[in-house]
Every structure is written in structure tokens, then in C-alpha cells.
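If you read the sequence from its start, that first residue is 1, and numbering goes on from there.
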Amino acid sequence: VQLQASGGGLVQAGGSLRLSCAASGLTVTDTSYMLGWFRQAPGKEREFVAIISWSTTVTYYSDSVEGRFTISRDNAENTVHLQMNSLKPEDTAVYYCAAGAPRYLTAVYSPAGYNLWGQGTLVTVSS
């Protein structure tokens, strides 16, 4: 199974970008399986952005992106998208696609809750 992230780039503050994460070879049988995004800015730890259940409509967002970012999935295409609007310079980071079955709510927000990662795509927001 591989996760392939795409869609990063350079955008001005207030602009939009759409990230995609394509999961090849993925067969989900665990109803707790989730896919989504973390990000890591230079010199900082990897932080949670947004995640979506593969089986239900449940989504989670970090406080810093809620209301600006929207995560969605296409099960037929095994793809998760992250629509990012009203981008801010502080959104600048490498965005990583992640997949896994976090067993506790706190694990949903932690990189340790996911065992499959994509290669990352750089998002740069200029002021």
C-alpha cells in the first residue's frame, strides 16, 4: 500500500489550494480506519491538520484550520482531498498524508496513531 500526495505549491495569503492523497493497493476492512493530513513546518513538530473516517462521515479538524479547510474522500478512487481556503502564511509547511486505525480519540490527533505515510507535499503561503 502506498500513499501519494499531490497538489502543493506557492500561493498568496487568502488564496486556495487543494491537496489530494491517492491510496494505491488499499483494502479497508477496519471500520475505524481513517485517512487525512498532518503538516510540519521548519523547526517544528509534525502536527495534526484534518482526518476523515473511511467508513462514516466523521471528520476531525485542528482548531487552526477549522472553518477554512475541508476534508473529503472518494472511496471509489481511494482518494482523500483537502480543500484549503483563506490560506495564511502560518499554514506554510510540508503536508503529509496519513492512514491508519487510531484506537483512542487522543490517537486521532497524534502521528503515532497512523502507520502509513505519504511522501509529503510542500505548501508555501506568501504574505
Worksheet item: Taking Phe38 as the fixed residue, which of Tyr109, Tyr95, Trp117 is the one that meets the side-chain contact (heavy atoms from CB on, under 4.5 Å) rule?
Response: Trp117

Worksheet item: Do Leu116 and Ile51 share a hydrophobic cluster (ILVMFWY, side-chain heavy atoms under 4.5 Å, transitive)?
Response: no

Practice prompt. Establish whether Phe48 and Tyr96 are linked, either directly or via other cluster members, by ILVMFWY side-chain heavy-atom contacts under 4.5 Å.
Written response: yes

Item to complete: Would you mind reporting whether Tyr114 and Leu35 have side-chain heavy atoms less than 4.5 Å apart?
Response: no

Item to complete: Hey, could you give me the CG/OG1 distance between Leu3 and Thr79, rounded to the nearest 0.5 Å?
Response: 10.5 Å

Worksheet item: Is there a donor-acceptor contact under 3.5 Å from the side chain of Thr59 to the main chain of Ile52?
Response: no

Item to complete: Following the transitive rule for hydrophobic clusters with a side-chain heavy-atom cut-off under 4.5 Å over Ile, Leu, Val, Met, Phe, Trp and Tyr, establish whether Tyr60 and Trp54 coincide in one cluster.
Response: no

Worksheet item: Hey, quick one: are Val65 and Val94 part of the same hydrophobic cluster, counting side-chain heavy atoms closer than 4.5 Å, chains of contacts allowed?
Response: no

Fill in: Side-chain touch Val108/Met34, heavy atoms, less than 4.5 angstrom
yes

Worksheet item: Got a sec: does the CD of Gln119 have more than 12 other heavy atoms crowding it under 6.0 Å?
Response: yes

Item to complete: Mind checking the NZ-OG spacing from Lys88 to Ser127? Nearest 0.5 Å is all I need.
Response: 14.0 Å

Worksheet item: Considering only heavy atoms from C-beta outward, does the side chain of Arg39 approach that of Glu47 to under 4.5 Å?
Response: yes

Worksheet entry | Separation of Glu45 CD from Gln40 CD (nearest 0.5 Å) | 8.0 Å

Worksheet item: According to a 4.5 Å side-chain heavy-atom criterion applied to Ile, Leu, Val, Met, Phe, Trp and Tyr, with indirect links allowed, do Ile71 and Leu87 form part of one hydrophobic cluster?
Response: yes

Practice prompt. Can you see which heavy atom on Pro102 is nearest to which on Ser32, and at what distance?
Written response: CD-O, 4.1 Å

Practice prompt. Can you run down the disulfide bond (SG atoms under 2.5 Å apart) pairs that involve residues 68-116, sequence neighbours left out, and say none if there aren't any?
Written response: Cys21-Cys97

Worksheet item: Who else is in the cluster with Leu10 when I, L, V, M, F, W and Y are joined by side-chain contacts under 4.5 Å?
Response: none

